[in-house]
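Data first, discussion second: the structure below is written as C-alpha cells.
Values in this document were obtained by computation on a predicted structure and should not be read as measured data. The residues of the chain are indexed from 1 along the displayed sequence.
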Amino acid sequence: MSAQLHADKLTALDHEPLDWRFKGLPASWWGQTPAQVSSLRPEFFGDGRSGPTGPVCVLRESALVHNVTTMANWCAGAGVELAPHGKTHMSPQLLARQFRAGASAVTAATVSQVRMFRAFGVGDVVLANEIVDPAGLAWLAAELDADPDFHVVCWVDSLAGVELMTAALAGAQRRLDVCVEIGMAGGRTGCRSDVETDEVARAAAASPRLRLVGVAGYEASAGQDVSPQAVAEVRSYLRRMRAATVRLAGLFETGTVIVTAGGSTYPDVVVEELTGDWPTGMSVRTILRSGCYLTHDHGLYARTSPLALQPAMQVWAQVVSRPEPGLALATMGRRDVSFDAGLPVPLSLPGSSVTKLNDQHAYLQLGDGDDAPVGTWLPFGISHPCTTFDKWQVIPVLDDEDRVSALVRTFF
C-alpha cells in the first residue's frame, strides 16, 4: 500500500475564509483564511477582547508530533503496518501527518467516511465493517472500476452478508476484497465459532464478486479493561484469529494474507499474538488500526494505552457562575466535549472534578485550595477523543507558547 492525499485539496482547506460557522474561534478571524491566521502565529487567548468566545477545543502541536513519531517508530520496530482509524478525527490534515509518518492506509467505519477520504485522494482504505447496503456497495464498485489504483478491503461475518454483497456487486468489473471477521462472545460483529468462520470464508472465496484476502477482528469490542483476566481473554481471542488464518490458508487469493486488529488499548498484545512464527511459506501482513493514539487523552487512554503518549486535546471554558460554595459552572457541556467514557478533567485545578454535564454547562466541584472566580478560563482534558472531535469543525493547533501554528478542519 502507498498512502497519500491530494496536496491541492489540502491546500484549498487553508484558503477557505473563516466565519461564524466555526464555534469558539475569535470573531477577529472572520474573513481571514487559516493560512493567513497561522502565518501570523497569533497568541490564541490574546487580550481577551480579541480572543476565543468559548468554549473552544484546541490541539497541542508538541504532543501531536510526539504521538505520531512514537507510534510510527513503535510500529516499525514491531514489524507491523498502521492504518490509523480515520473516524477518530475525520480530518484530512491530521491524516496527512499520519501518512507522512509512514501509515500505509486509513481505516474507516462507514462508506460515508470512505467517501470523504476519497474526496481528498486517499487510495488505500481498510473499511472495518460489514457492508451490506446496495447503495454503499454500488458506490464502492463504481470507485474501484473507475480507479485501478484504489484499494479497499472490508469485512464479512455471515452467509447472508456474502449473498447480499454478491448480488449488489453484480456487473462490477473488479471484485471487492474482504476479510472474514472473527468476533468475541458478547462483543460486536464477527463470527462467533470456528465452524461459522470457516463457512463464511468458504462462501466468500466462492463468490464471483468477492476476493477473500484475510482475517479481521477487534480485540477491544468487549471493553477496554487492562486487568490480567481481561488481557488473558484478549490473548485467547487473538489466538483464535491466528488459528483461523492458518486453517484457512488455502482459501486466500493473494500471496500475502492480511491479518488486522488493534485499537489503542491493546496494540502490544496484538503484536505479540499476530506477528512472527507463521507457518513456513506463509506471508502475512499484520495491520493495526489504532486511531486514538494521535491525540491520546487524560482519561480512558491515559489509563489503558501501553505506549508513552501525551494528551494533545484540550477544551477550554470560562467560569460563568458560582451559585453555591464549592460549585462552579463552566461554559462547556455535552455539545462540546465527550462524556461517554468519562467526564472532562480540570487540568489547572488538581483537587477539583467535573461531576456532571448539561448541554452547555459543566458542574465543577472545587477541591480544598482550588478557586475559580467568575470569568476565569480553565483548560479541561478529555476522555475519548472520538466523541470530542465530532463536535468541532475547525480546531486551532497551538504551540507551547499558545500561539496558533495551524487550523485543522474536520468532516463528520
Notebook entry, point to check: Side chain of T245, backbone of V215: donor and acceptor closer than 3.5 Å?
Noted result: no
Checklist line | With sequence neighbours excluded, residues passing ring-ring contact (aromatic ring centres under 6.0 Å, His included) with F44 | finding: W29
Check: Is any side-chain heavy atom of R285 closer than 4.5 Å to a side-chain heavy atom of V257?
Finding: no
Next item on the list: Might you work through the salt bridge (Lys or Arg N to Asp or Glu O under 4.0 Å) test for R174 and D147, ending with a clear yes or no?
Entry: CA-CA 10 Å; R174 291 175 62 186; D147 184 357; over 6 Å; no
Margin query: Let's go through R239 and E273 carefully: what are the C-alpha distance in whole Å and the side-chain angles of both, what is the deciding distance for salt bridge (Lys or Arg N to Asp or Glu O under 4.0 Å) to 0.1 Å, and is it a yes or a no?
Written below: CA-CA 7 Å; R239 288 168 184 169; E273 297 296 340; 3.0 Å; yes
Next item on the list: Tell me yes or no: between the side chains of Q314 and W316, is some donor less than 3.5 Å from an acceptor?
Entry: yes
Note to self: Checking the side chain of R211 only, and the main-chain atoms of L176 only, is there a donor and an acceptor separated by less than 3.5 Å?
What the structure shows: no
Note to self: When you compare the side chains of R409 and S91, does any donor N or O come within less than 3.5 Å of an acceptor on the partner?
What the structure shows: no
Note to self: Any heavy-atom pair between the side chains of L248 and L251 that's under 4.5 Å?
What the structure shows: yes
Notebook entry, point to check: Distance from I287 atom CD1 to T260 atom OG1, nearest 0.5 Å?
Noted result: 5.5 Å
Notebook entry, point to check: Taking atom types as modelled and ignoring hydrogens, do the side chains of E272 and Y266 form a donor-acceptor contact shorter than 3.5 angstrom?
Noted result: no
Next item on the list: Enter the distance from L5:CG to Q98:CD here, rounded to the nearest 0.5 Å.
Entry: 10.0 Å
Margin query: Taking ring-ring contact (aromatic ring centres under 6.0 Å, His included) as the definition, give me every residue that meets it alongside F411, ordered by chain and number, with sequence neighbours left out.
Written below: F120
Checklist line | pair T265-Y301: side-chain heavy atoms closer than 4.5 Å | finding: yes
Next item on the list: Please list, chain by chain and in numerical order, all residues satisfying ring-ring contact (aromatic ring centres under 6.0 Å, His included) with F339, sequence neighbours excluded.
Entry: none
Notebook entry, point to check: If you measure from the Lys or Arg side-chain nitrogens to the Asp or Glu carboxylate oxygens, is any gap between D371 and R322 under 4.0 Å?
Noted result: yes
Item checked: Non-neighbouring partners of W377 that pass ring-ring contact (aromatic ring centres under 6.0 Å, His included), sequence neighbours left out -> F45
Next item on the list: May I ask you to check whether T166 and S207 show a side-chain donor-acceptor distance below 3.5 Å?
Entry: yes
Next item on the list: Would you please test V106 and F99 for side-chain contact (heavy atoms from CB on, under 4.5 Å) and show each step?
Entry: CA-CA 9 Å; V106 66; F99 280 173; 4.3 Å; yes
Notebook entry, point to check: Taking NZ, NE, NH1 and NH2 as the nitrogens, is one of them in E219 or R235 under 4.0 Å from a carboxylate oxygen of the other?
Noted result: no
Checklist line | pair T33-D14: side-chain heavy atoms closer than 4.5 Å | finding: no
Margin query: Please check this pair: side chain of T69 against backbone of H66, looking for a donor-acceptor N/O pair closer than 3.5 Å.
Written below: no
Next item on the list: Search all heavy atoms of P346 against all heavy atoms of S352 and return the closest pair with its distance.
Entry: CG-O, 3.5 Å
Note to self: Within this structure, what is the CH2-CG distance for the pair W74 and L309, rounded to the nearest 0.5 Å?
What the structure shows: 10.5 Å
Note to self: Rounded at 0.5 Å granularity, tell me how far CD in E81 sits from CG in D124.
What the structure shows: 9.5 Å
Check: Once you round to the nearest 0.5 Å, how far does CG of L366 lie from CD of E324?
Finding: 11.5 Å
Next item on the list: With sequence neighbours left out, write down each residue that passes side-chain hydrogen bond (donor to acceptor under 3.5 Å, both in side chains) with T107, or none if nothing qualifies.
Entry: none
Next item on the list: Answer yes or no: is there a donor N or O on one side and an acceptor on the other, between the side chain of S38 and the main chain of V404, under 3.5 Å?
Entry: no
Margin query: Can you give me the closest heavy-atom contact between G31 and Q36, atom names plus distance?
Written below: O-OE1, 4.4 Å
Notebook entry, point to check: Do you know which two heavy atoms are closest between M165 and V156, and how far apart they sit?
Noted result: SD-CG1, 3.3 Å
Next item on the list: Any side-chain hydrogen bond (donor to acceptor under 3.5 Å, both in side chains) involving residues 134-146? Give me the pairs, sequence neighbours left out, ordered by first then second residue.
Entry: R118-E143
Notebook entry, point to check: Are any non-hydrogen side-chain atoms of I131 and V111 less than 4.5 angstrom apart?
Noted result: yes
Notebook entry, point to check: Within the side chain of S305, is there an N or O that forms a donor-acceptor pair under 3.5 Å with the backbone of L307?
Noted result: yes
Next item on the list: Measure the shortest side-chain to side-chain distance between L329 and V319 over non-hydrogen atoms and say whether it is less than 4.5 angstrom.
Entry: no
Item checked: salt bridge (Lys or Arg N to Asp or Glu O under 4.0 Å): pairs with one or both residues in residues 87-104, sequence neighbours excluded -> E61-R97
Notebook entry, point to check: Is D133 reaching over with its side chain to a backbone N or O of G136, donor-acceptor style, under 3.5 angstrom?
Noted result: yes
Margin query: Donor-acceptor pair, distance only, cut-off 3.5 Å: does the side chain of N358 make one with the backbone of Q360?
Written below: no
Notebook entry, point to check: What pairs meet the salt bridge (Lys or Arg N to Asp or Glu O under 4.0 Å) rule with one or both residues in residues 49-60, with sequence neighbours excluded?
Noted result: R60-D402
Notebook entry, point to check: Minimum heavy-atom separation for T275 to A78, with atom names?
Noted result: CG2-O, 4.4 Å
Checklist line | side-chain hydrogen bond (donor to acceptor under 3.5 Å, both in side chains) partners for Q365, two or more places apart | finding: none
Check: Under the 3.5 angstrom rule, does the side chain of N67 hit a backbone N or O of Q310 as a donor-acceptor pair?
Finding: yes
Next item on the list: Taking the side chain as every heavy atom from C-beta outward, state whether T388 and M313 have any atom pair closer than 4.5 Å.
Entry: yes
Check: Do the side chains of W155 and V126 get nearer than 4.5 Å, heavy atoms only?
Finding: yes
Checklist line | Qualifying salt bridge (Lys or Arg N to Asp or Glu O under 4.0 Å) pairs, either residue in residues 156-169, two or more places apart | finding: none
Checklist line | Main-chain N/O of C292 paired with S264 side-chain donor or acceptor, under 3.5 Å | finding: yes
Next item on the list: Any pair with a residue in residues 328-345 that passes salt bridge (Lys or Arg N to Asp or Glu O under 4.0 Å), sequence neighbours left out, goes on the list, sorted by first then second residue, please.
Entry: K23-D336, R335-D359
Notebook entry, point to check: Please walk me through it: do R41 and E401 pass salt bridge (Lys or Arg N to Asp or Glu O under 4.0 Å)?
Noted result: CA-CA 10 Å; R41 299 187 74 84; E401 297 178 345; over 6 Å; no
Checklist line | Check: H384 main-chain N/O paired with S338 side-chain donor or acceptor under 3.5 Å | finding: yes
Note to self: I need the minimum non-hydrogen distance between A168 and P134, along with the two atoms involved.
What the structure shows: CB-CA, 4.1 Å
Check: Does any donor atom in the side chain of E181 or T189 lie under 3.5 Å from an acceptor atom in the other side chain?
Finding: yes
Notebook entry, point to check: Partners of T295 by side-chain hydrogen bond (donor to acceptor under 3.5 Å, both in side chains), sequence neighbours excluded?
Noted result: none
Note to self: Is a donor from one side chain sitting under 3.5 angstrom from an acceptor on the other, for T304 and Q224?
What the structure shows: no
Next item on the list: Compare every heavy atom of Q318 with every heavy atom of G375, then report the nearest pair and how far apart it is.
Entry: O-NE2, 3.1 Å
Check: So with a 6.0 Å cut-off around CG of D368, is the heavy-atom count from everything else above 12?
Finding: no
Check: Roughly how far apart are I182 CD1 and E196 CD, rounded to 0.5 Å?
Finding: 10.5 Å
